[in-house]
Structures are given as C-alpha cells and as structure tokens.
Amino acid sequence: MNLFGINMVDKRQFYYVALVVLALACVVVAHLRKTGIGRNIIAVRENEDMAATTTVSPTRMKLIAFATAGGIAGLGGAVYMTSVSSVQVELAFSAEKSITLLATSVIGGLGTVGGPILGALWTEALPRAFNDNDTINLLTSSIGLLILVMYFPGGFMQLGYQLRDAIVGWAARRYPAPERERVSAAARSLPHREAIDIAVGTPLLVASDVRVTFGGVNAVGGVSVTVGQNEIVGLIGANGAGKSTFMNAVSGLVKTSGGSIEAFGAEIAHLPTHKRHGRTLGRGYQAARLYPDLTVRETILVALEAQERTPYFPALLNIPPYRGIERKHNVEAAEIIDFLGLGRYADQHASNLSTGTRRIVEFGCLLAMSPKLILLDEPTGGVAQKETEAFGPLIRRISKELGASVMIIEHDMPLVMSVSDRMYCLETGLVIAEGTPAEVRNNPRVIASYLGTDERAIQRSGSGQ
C-alpha cells in the first residue's frame with residue numbers, strides 16, 4: 001500500500017510516518033495546553049464550580065476535550081490501518097492491550113504530553129530491547145508497575161518535575177534575584193473597561209422567597225434579599241443558617257425549589273451557572289481552592305475568557321484572531337497581577353500558595369471578569385488575623401474600581417460591620433433581621449441567634465452592657 005509515494009507495508013517507512021504523525025500530534029497538544037481552550041479544560045477538570053462561575057461552560061469544555069482526544073485517537077487508528085491488510089479484533093483490541101495502554105499513560109504521567117511517550121518506552125520498548133527478558137518483563141508489568149504507582153503516583157514525569165524543582169531551587173539559592181521595589185496597590189490602577197449600562201435605581205439583585213430543599217430538609221425556607229447599586233450588603237448568621245446555600249442558589253450551583261431570582265432586572269433562575277455569571281455576576285468561594293494545576297497567571301487568564309472567548313480552531317492552528325486575543329489577555333493579566341502585588345507568585349501553581357494569597361488571586365479573577373455584582377462567601381476564612389485586617393479596605397477598593405455592588409458572607413463581625421452598608425441576618429434558612437449594621441447588631445433576635453437566650457452567656461459576651 002502506497003501513501004503519497006510512501007510504501008506503508010515497509011516497516012521502516014511506516015515507522016517514520018508514524019513518528020512524524022506522533023510528533024505533529026504532540027506539538028498540537030502541547031500548544032493547545034497553552035491556549036485559552038487548554039486552560040479552560042484544565043480549569044473544568046480541577047474545579048468545575050469555579051470554572052462555571054467564571055463563565056466557562058463545563059459541558060462545552062468536556063465536549064471539546066472529548067472531540068480532540070477522539071480526533072487524535074482516530075488519526076492514530078487511520079495510520080495503523082494503512083500498515084495492515086486485515087485486523088484481528090481479538091488480538092489488536094484485546095482487554096490486555098487496553099489495560100497496557102492505560103498503564104502506559106498512568107506510569108508516564110497523566111495530563112502531560114511527554115508522560116505517555118515515556119510510559120510507552122518503559123512498557124513496550126524496554127522489553128523488546130532486552131529480547132523479552134523475564135526480569136525486564138517483570139519490571140515493566142505487574143510488580144514493576146505497582147511499585148511505580150505506589151511511590152510515584154505522578155509517573156515518570158513526577159520524577160522529572162522533582163529534579164527540575166531541585167535544580168531551580170538550588171539556582172535560586174545560589175544566585176538570588178535582586179530585590180524589587182514594592183509599590184502599594186493603591187498606587188496602581190486597573191485597565192479601563194467599558195462600562196455596562198444599568199438603569200439608575202434598578203436593583204442589581206432581587207431574590208424573592210428563595211427556597212432550597214435537600215431531601216425534605218429546608219436549607220433555605222424563603223429568603224428575600226435585595227442588593228442595590230454601589231452598595232455592600234452583609235449576610236450573617238450562625239453556622240447552618242443557610243447563607244452559603246442561598247448564595248449557591250443565586251449562582252446556580254444548587255437548584256431552587258421555589259422563589260424568584262432577578263439580576264440586573266432579568267430573571268436568571270432558569271439559567272445555568274456559566275450564563276448567570278456571564279451577566280456580570282462574580283463569585284468568591286469559602287475554600288478558595290482555585291485550580292491546583294494552573295499557575296496564578298493562568299488562573300486569571302481563565303477568568304479573562306469572560307471578556308473575550310478564545311476560538312477553538314484558530315487556537316488549535318495558532319492563527320488569527322487567536323494571537324491577538326491571547327496577547328490582549330496576557331497584557332490584562334499582567335496588569336491585574338501588578339495591581340494586586342502578586343508579581344512574585346505569578347508563575348507559581350495555586351496548590352503551592354497560602355490561603356491568604358489564594359484569596360487575593362480569587363479577587364484577581366473577579367477583577368478580570370469585571371462584574372457589577374460580586375458574591376463573596378467568607379473571604380477571610382482560614383486567613384490569619386493580620387491578613388484579615390487588609391481585606392476590608394481591599395474589598396471596598398475593588399468595589400470602587402469596578403463600580404460594583406457586593407454581597408458578602410462573613411463571620412468576622414468587625415470586618416463585615418465595617419464594610420457593609422446594609423445587612424441581613426439568617427437563622428435556619430429565614431431572614432430574622434435586616435437594616436444598617438448598627439440596627440442589626442442591636443437587634444434582640446440577632447443577639448439571641450448568636451448567643452442564645454441565657455442571660456449569663458449574654459453578660460459574659462459583653463452584649464448585655
């Protein structure tokens with residue numbers, strides 16, 4: 001069989017053709033990983049909820065990943081079929097072959113381009129190089145694979161990364177980088193973004209009688225909350241009061257069993273999460289887990305997809321308009337990193353950051369999306385008190401920079417009282433008080449909700465003075 005003058009029956013010529021196809025596939029996949037499409041796929045894999053609240057469609061990304069992987073597999077099958085005259089299914093596609101293929105990817109390193117190649121060299125090339133020696137066969141299968149998976153779950157690429165990190169760490173200690181002058185965040189400014197027209201006086205959020213049930217349990221039993229323009233609204237209550245569940249209902253992360261949710265004058269209760277947040281709605285999470293396998297810069301680049309989507313085929317082929325979009329996104333990501341003082345962490349993975357730094361990166365994602373309504377769920381959770389004190393001014397500054405309203409859940413009472421214009425207090429899924437911070441703080445029902453009705457507890461807390 002000849003293909004473009006190449007004799008595919010000749011094993012040597014077929015080998016070179018297969019090698020070229022493999023190299024091209026590796027180049028395309030490696031490039032795709034660096035594009036907005038690749039970052040979005042990883043974001044959905046690492047943290048689907050956060051990806052959805054940064055306007056990335058999880059369904060679309062999963063379909064793109066499946067179609068891309070299927071296309072590469074189909075290309076491999078087409079190349080293979082040109083070298084054979086007939087296929088014996090029981091031999092070519094046996095269960096043993098499938099298991100070996102999976103093991104090859106795992107021991108090489110899932111999620112990497114070079115990992116499966118290293119795995120193939122270990123499971124296929126090494127035994128052939130030693131003429132199927134029994135000892136080598138044992139190392140490259142069964143016991144050998146088990147030992148590798150037990151001690152190096154990241155595969156051979158894990159060893160490579162550890163070696164790389166050790167060399168880079170040694171070089172950093174040997175040749176430390178010069179100290180850079182630190183500039184306060186207040187001296188920086190964000191890139192100008194086009195304002196979104198919202199009629200004066202239109203509330204940004206109107207949640208009416210929102211109800212959420214889990215197997216007959218009323219987590220939210222009919223909550224009504226309004227957030228106006230250019231205001232910060234606090235949401236407080238004891239643990240289990242339904243605050244996070246209510247915020248998840250607004251974001252679309254949990255299904256409501258009743259009520260209405262209007263954002264910017266339009267009903268959004270029927271919309272999926274990524275479309276709700278596409279209407280300039282931003283979200284911060286209690287855990288701030290972000291995307292462990294993405295760097296700070298890449299995490300912010302994922303959020304910048306809300307401003308302009310990366311087209312799939314131009315990104316795959318590295319042709320316009322992809323290049324212009326990627327260049328623009330990188331410039332804006334650098335400006336946000338500079339604004340928040342994250343320069344030293346820009347190329348570190350989120351999994352290596354402290355909780356406080358991850359919180360700042362999460363704020364960077366909100367800045368990238370440029371929302372008009374920001375939902376923050378305990379932004380100081382797990383953060384040291386010294387770092388917590390900086391969050392109040394930062395929240396107000398971000399609100400001012402974006403011209404956005406904020407709804408914040410927070411257990412740090414001094415913080416939420418200092419930043420909020422109005423407040424709601426929830427208890428067992430119901431609103432028991434609303435008003436200014438002073439009114440809510442002195443409301444007897446709020447005091448009883450936090451301290452109980454025991455007079456001795458109230459006196460010990462100082463609230464009875």
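Source: prediction; values computed, not measured. Keep in mind that the numbers below use all heavy atoms, side chains included, and drop hydrogens, waters and symmetry copies.
- Between the side chain of Ser224 and the backbone N or O of Asp209 there is at least one donor-acceptor pair closer than 3.5 Å.
- The backbone N or O of Glu326 lies less than 3.5 Å from a partner atom in the side chain of Asn330, making a donor-acceptor pair.
- Between the side chain of Arg323 and the backbone N or O of Asn318, at least one donor-acceptor pair lies under 3.5 Å.
- In the model, Glu305 has no side-chain atom that pairs as donor or acceptor with a side-chain atom of Thr54 under 3.5 Å.
- A distance of 10.0 Å separates CE in Met369 from CG in Leu304, rounded to the nearest 0.5 Å.
- Rounding to the nearest 0.5 angstrom, the gap separating the CD atom in Glu298 from the OH atom in Tyr291 is 12.0 Å.
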Determine, step by step, whether Arg283 and Asp377 satisfy the salt bridge (charged side-chain N to carboxylate O under 4.0 Å, His left out) criterion, reporting the C-alpha distance in whole Å, the side-chain angles of both residues, the deciding distance to 0.1 Å, and the verdict. CA-CA 8 Å; Arg283 174 67 190 269; Asp377 190 354; 3.7 Å; yes

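- Between the CD1 atom of Ile374 and the OG1 atom of Thr280 there is a distance of 10.0 Å, given to the nearest 0.5 Å.
- The heavy-atom pair separating Phe246 from Val220 by the smallest distance is N-CG2, 3.8 Å.
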Are Met50 and Cys365 close enough, and set up right, to give a side chain to side chain contact (heavy atoms under 4.5 Å, CB included), and what steps lead you there? CA-CA 10 Å; Met50 182 173 177; Cys365 293; 3.9 Å; yes

In sequence, state the C-alpha distance, the side-chain angles, and the governing distance for Arg297 and Arg39, and then conclude on side chain to side chain contact (heavy atoms under 4.5 Å, CB included). CA-CA 11 Å; Arg297 190 185 310 277; Arg39 291 188 293 266; over 6 Å; no

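- Within the 4.5 Å cutoff, the side chain of His411 has heavy atoms near those of the Lys243 side chain.
- With respect to Arg276, the side-chain contact (heavy atoms from CB on, under 4.5 Å) criterion is satisfied by exactly one of Ile261, Leu253, Thr53: Ile261.
- When all heavy atoms are compared, the tightest approach of Arg45 to Gly111 is NH1-CA, 4.4 Å.
- Distance alone, capped at 3.5 Å, is enough to place a donor-acceptor pair between the Tyr424 side chain and the Thr226 backbone.
- Checked by atom type, the side-chain pair Glu267/Ser260 shows a donor-acceptor distance below 3.5 Å.
- Side-chain atoms of Arg309 and Thr55 include a donor-acceptor pair closer than 3.5 Å.
- More than 12 heavy-atom neighbours from other residues, nucleotides or ligands sit within 6.0 angstrom of CZ on Phe214.
- At distances below 3.5 Å, not a single donor-acceptor pair connects side-chain atoms of Lys372 with backbone N or O atoms of Leu204.
- Below 30°, between 30° and 60°, or above 60°: for His31 and Tyr322 the angle between ring planes is above 60°, a perpendicular geometry.
- Looking only at distances, a side-chain donor or acceptor of Ser399 sits under 3.5 Å from a matching main-chain atom of Ala404.
- Taking 4.0 Å as the cut-off between side-chain N and carboxylate O, Glu362 and Arg358 do not count as a salt-bridged pair.
- For the atom pair CG (Leu340) and CD (Glu335), the distance works out to 12.0 Å, reported to the nearest 0.5 Å.
- Although no hydrogens or angles enter the test, the distance criterion places no donor-acceptor pair under 3.5 Å between the side chain of Lys255 and the main chain of Thr213.
- Residues Leu32 and Thr35 meet the side-chain proximity criterion, which asks for heavy atoms closer than 4.5 Å.
- A donor-acceptor contact closer than 3.5 angstrom is absent between the side chains of Ser370 and Gln307.
- Note: Leu430 CG to Ile432 CD1 = 9.0 Å, rounded to the nearest 0.5 Å.
- By the 4.5 Å heavy-atom criterion applied to side chains, Phe363 and Ile395 are counted as neighbours.
- For the pair Cys26/Ile117, a side-chain contact is recorded, criterion being any heavy-atom separation below 4.5 Å from C-beta on.
- Formation of a donor-acceptor pair under 3.5 Å by the Thr295 side chain with backbone atoms of Gln348 is not found in this model.
- When atom types are taken as modelled, the side chain of His277 and the backbone of Gly252 share no donor-acceptor pair closer than 3.5 angstrom.
- Summarising the geometry, atom OG1 belonging to Thr355 is positioned 13.0 Å from atom CZ belonging to Arg289; distances are rounded to the nearest 0.5 Å.
- Summarising the geometry of Ser418 relative to Arg396, their closest heavy-atom pair is O-NH2, 3.8 Å, with the distance given to 0.1 Å.
- Of the possible donor and acceptor atoms, none in the side chain of Thr68 sits under 3.5 Å from a partner among the backbone N and O of Ala65.
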Check against side chain to side chain contact (heavy atoms under 4.5 Å, CB included), Val113 and Arg33: CA-CA 9 Å; Val113 177; Arg33 164 62 178 82; 5.8 Å; no

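- Side-chain atoms of Thr112 and Tyr161, non-hydrogen and from C-beta on, do get closer than 4.5 Å to each other.
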In sequence, state the C-alpha distance, the side-chain angles, and the governing distance for Met407 and Val225, and then conclude on side chain to side chain contact (heavy atoms under 4.5 Å, CB included). CA-CA 10 Å; Met407 183 168 72; Val225 170; 4.0 Å; yes

